[in-house]
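Atoms considered below: every heavy atom in the structure, side chains included; atoms not considered: hydrogens, waters and symmetry mates. Every chain is numbered from 1, with letters handed out A, B, ... down the list of sequences. Note that the structure is predicted; figures quoted are calculated from it, not measured.
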Amino acid sequence: MFEAQMAQAALLKQIIESIRELITEATFEVSGTGMMLQAMDSSHVSLVALNLRSDGFQLFRADRPFSMGMNLNHMAKMLKCAGKDDTLTMRADEANDLVTFLFESPGNERLAEFELKLMDITSENLGIPDAEYSATVSMPSAEFQRIVKDLGSIGDTVEITVTKDDVRFAASGDIGNATIKCRQLLDTEKPEDRTLIEMVEPVNLTFALRYLINFSKATSLAPSVTIKLSTEMPVVVEYKLSDIGYVRFYLAPKIED
Amino acid sequence: SRNQWGLMDFYGCL
């Protein structure tokens, strides 16, 4: 038996909306520690890792580890039916190939029950080691989204260069070139407005912009985004979900022949 | 031109 209650159905709806273009099917692994999902896009170039800790839920019960394979587009269709302020309760047990989403209005006057068919998904889970990164950049998530969208209109790839003073994003295309340089900015009223650069060694990496633009669909989930880079390694783009977990995106770099 | 690496070039399957 699995049962979990979230104060805001809108949070899960937003999470699924932000990842469903990258991955259409995924298996949620449920256990006493929470709900986790790891899935690669069909080209095996990028990966989504979602972690929702059990202590971030209002109620969380998982008697034993349990896998729930879901079509994320179908899940999104149901989550769209939740009211803005509805609570969400998820229920599933191993006897049925169904997960139930219960949407309850704040005054308890409306209770909607949606049952989603679960599916068997064969997926390859990657073992991603905890690594030290050469450079870690935290910046406002809206700023990162603007940069990748702006550069996406110039070129297909972005070259990211981190030095101790700044982080540069550069793109080139048929119409010309663009470089956006962000300096470290620590003296801000709100911590989420900061741009923080932690650099062990300078890095310079190139990535396909369309994936980064896709990752930035998660902007509404967190005011700040953290980008972790090491030479010739996949980049990690992390959005922290306050009090409950994170969504991380991994993207393999482009490397010169 | 640049090569697009896949994630399996970096991480092993579990």
Undergrad: Nearest 0.5 Å please: distance from the CE atom of Met8(B) over to the CG atom of Leu126(A).
TA: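 It comes to 6.0 Å.
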Undergrad: Please output the side-chain donor-acceptor pairs of residues 39-53 of chain A that fall under 3.5 Å, not counting sequence neighbours, one pair per line with the distance.
TA:
residue: Asp41(A); atom: OD1; partner: Val45(A); partner atom: N; Å: 3.1
residue: Asp41(A); atom: OD1; partner: Ser46(A); partner atom: N; Å: 2.7
residue: Asp41(A); atom: OD1; partner: Ser46(A); partner atom: OG; Å: 3.0
residue: Asp41(A); atom: OD2; partner: Ser43(A); partner atom: N; Å: 3.1
residue: Asp41(A); atom: OD2; partner: Ser43(A); partner atom: OG; Å: 2.4
residue: Ser43(A); atom: OG; partner: Tyr211(A); partner atom: OH; Å: 3.0
residue: Arg53(A); atom: NE; partner: Asp55(A); partner atom: OD1; Å: 3.1
residue: Arg53(A); atom: NH2; partner: Asp55(A); partner atom: OD1; Å: 3.4
residue: Arg53(A); atom: NH2; partner: Asp243(A); partner atom: O; Å: 3.2

Undergrad: Rounded to the nearest 0.5 Å, how far apart are CG of Leu7(B) and CD of Glu124(A)?
TA: 11.0 Å
Undergrad: Starting from the C-alpha separation in whole Å, work towards a yes-or-no answer on side chain to side chain contact (heavy atoms under 4.5 Å, CB included) for Arg2(B) and Thr206(A).
TA: CA-CA 9 Å; Arg2(B) 285 170 180 273; Thr206(A) 300; 3.4 Å; yes
Undergrad: CZ/Phe10(B) to OH/Tyr250(A) distance, rounded to the nearest 0.5 angstrom?
TA: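 So the CZ of Phe10(B) and the OH of Tyr250(A) are separated by 13.5 Å.
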Undergrad: Can you tell me how far apart CD1 (Ile128(A)) and OH (Tyr11(B)) are? Round to the nearest 0.5 Å.
TA: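 Going from the CD1 atom of Ile128(A) to the OH atom of Tyr11(B) covers 5.5 Å.
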Undergrad: Is it the case that more than 12 heavy atoms not belonging to Asp165(A) sit under 6.0 Å from its CG atom?
TA: yes
Undergrad: Answer yes or no: does atom NZ of Lys217(A) have more than 12 heavy-atom neighbours from other residues, nucleotides or ligands under 6.0 Å?
TA: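 Check passes, neighbour count above 12.
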Undergrad: So, the side chain of Gln4(B) versus the backbone of Ala252(A): is there a donor-acceptor pair under 3.5 Å, distance only?
TA: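 Judged by distance alone, yes, a pair lies under 3.5 Å.
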Undergrad: So, do Glu256(A) and Asn3(B) sit near enough that their side-chain heavy atoms are less than 4.5 Å apart?
TA: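 Side chain of Glu256(A) against side chain of Asn3(B), heavy atoms only: no contact under 4.5 Å found.
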Undergrad: Check the surroundings of atom CD in Glu94(A): do more than 12 heavy atoms from other residues, nucleotides or ligands lie under 6.0 Å from it?
TA: yes
